[in-house]
Engineer: 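After the structure tokens below, expect a handful of questions from me.
Along the sequence shown, residues are numbered consecutively beginning with 1. No hydrogens, no waters, no symmetry mates; every other heavy atom, side chains included, goes into these values.
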Amino acid sequence: MSMQRSHKKYLLLAVFFLFLLSRCRPLLFFTQWHFPFTPHFSKSYILLEPGESYTLKVGGLPSTLSCKSSVPFIASVTPGGTVYAHKCGKTVITATLEQKTKKTTRCLVHVTKLNRENLTMYVNESARIYIKGFFFGFGVKYQSSNPDIVKVSGRGKIRAVKRGCATIRATLKGKTFQCQVTVK
């Protein structure tokens, strides 16, 4: 009887580990370990909002041939490595380096925003905000600028307490997204 419990326990641990691994797969896949003087991007993962840009630097003393985006309507890239975010989604930026060897390096770009940027509520009404593409909210921290007016839970559930205005901030991987809430 105890051996069956032991097997079930290990099976549940394995399933839980695989679930966590599946949630982190894009980050693990694009994490780059490199030797000194090998070509690589300055970052292997970038989180942007639509309309933002970020310039990737290539390290390791290479000469860049070209940069391209796997999905240009989500994020486009210039030959110099400047990434421009257009729509929510994910894309891979690939740079072809060193003219003779045609080595490549990659960076995962995740373009996202809050599901709501402005919200009007009435007292005792509830709503939920979340960062698009992060449905379970792992790693997202929510904070209200004025908890006396609007309270927010750790899962993004907003509750209007009294009349006024407040800002809800959602922080993920060092990036902050904001939603302006007006309570009538």
Engineer: Name the residue from Leu56, Val77, Val83 that meets the side chain to side chain contact (heavy atoms under 4.5 Å, CB included) definition with Cys107.
Structural biologist: Leu56
Engineer: To the closest 0.5 Å, what do you measure between CD1 (Ile129) and CG (Leu119)?
Structural biologist: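 Between Ile129 CD1 and Leu119 CG, I get 8.5 Å after rounding to 0.5 Å.
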Engineer: Can you tell me how far OH of Tyr54 sits from CD1 of Ile46, rounded to the nearest 0.5 angstrom?
Structural biologist: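 Result: 5.5 Å between the selected atoms.
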Engineer: Tell me, do Ile74 and Pro72 make a side-chain contact under 4.5 Å, heavy atoms counted?
Structural biologist: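 A side-chain contact is absent here, since even the closest heavy-atom pair is not under 4.5 Å.
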Engineer: Rounded at 0.5 Å granularity, tell me how far CD in Gln178 sits from NZ in Lys113.
Structural biologist: 15.0 Å
Engineer: Restricting to side chain to side chain donor-acceptor pair (under 3.5 Å), what partner residues turn up for Ser76, sequence neighbours left out?
Structural biologist: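 For Ser76, the residues satisfying side chain to side chain donor-acceptor pair (under 3.5 Å) (neighbours in sequence not counted) are His86.
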Engineer: To the nearest 0.5 Å, tell me how far Arg116 CZ sits from Lys132 NZ.
Structural biologist: 11.0 Å
Engineer: Listed by chain and number, what are the salt bridge (charged side-chain N to carboxylate O under 4.0 Å, His left out) partners of Glu52, not counting sequence neighbours?
Structural biologist: Lys175
Engineer: Can you list everything that forms a side chain to side chain donor-acceptor pair (under 3.5 Å) with Thr55? Sequence neighbours excluded, please.
Structural biologist: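 Here the qualifying residues are Thr82.
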Engineer: Scan the side chains in residues 161-172 for donor-acceptor partners under 3.5 Å anywhere in the protein, sequence neighbours excluded, and list what turns up.
Structural biologist:
unit_1 : atom_1 : unit_2 : atom_2 : d
Thr167 : OG1    : Gln180 : OE1    : 3.0
Thr167 : OG1    : Gln180 : NE2    : 3.4

Engineer: Sequence neighbours left out, what pairs pass side-chain hydrogen bond (donor to acceptor under 3.5 Å, both in side chains) with at least one residue falling in residues 117-127?
Structural biologist: none
Engineer: Using a 4.5 Å cut-off on heavy atoms from C-beta on, say whether the side chain of Tyr142 contacts that of Arg155.
Structural biologist: no
Engineer: How long is the span from the NZ atom in Lys43 to the CD1 atom in Ile93, to the nearest 0.5 Å?
Structural biologist: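 Reported to 0.5 Å precision, the distance equals 14.5 Å.
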Engineer: Does a side-chain heavy-atom distance below 4.5 Å link Val109 with Val92?
Structural biologist: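 The answer is no; the side chains never approach within 4.5 Å.
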Engineer: Is a side-chain N or O of Thr112 found less than 3.5 angstrom from the main chain of Cys88, in a donor-acceptor match?
Structural biologist: no
Engineer: Are Tyr84 and Tyr45 joined in one hydrophobic group, where the rule is that I, L, V, M, F, W and Y side chains link up if heavy atoms are under 4.5 Å apart?
Structural biologist: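 No, Tyr84 does not connect to Tyr45 through the hydrophobic network.
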Engineer: Are any of the side-chain heavy atoms of Val181 and Met121 separated by less than 4.5 Å?
Structural biologist: yes
Engineer: For Ser69, enumerate each residue passing the side chain to side chain donor-acceptor pair (under 3.5 Å) test, keeping only those at least two apart in sequence or located in another chain.
Structural biologist: Thr91
Engineer: Partners of Lys157 by salt bridge (charged side-chain N to carboxylate O under 4.0 Å, His left out), sequence neighbours excluded?
Structural biologist: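 For Lys157 there are no salt bridge (charged side-chain N to carboxylate O under 4.0 Å, His left out) partners, ignoring immediate neighbours.
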Engineer: Enumerate the ring-ring contact (aromatic ring centres under 6.0 Å, His included) contacts for residues 159-184, please, sequence neighbours excluded, ordered by first and then second residue.
Structural biologist: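 Output for this query is empty, none listed.
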Engineer: Please identify each residue that fulfils side chain to side chain contact (heavy atoms under 4.5 Å, CB included) with Pro147, with sequence neighbours left out.
Structural biologist: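 So Pro147 forms a side chain to side chain contact (heavy atoms under 4.5 Å, CB included) with Ser144.
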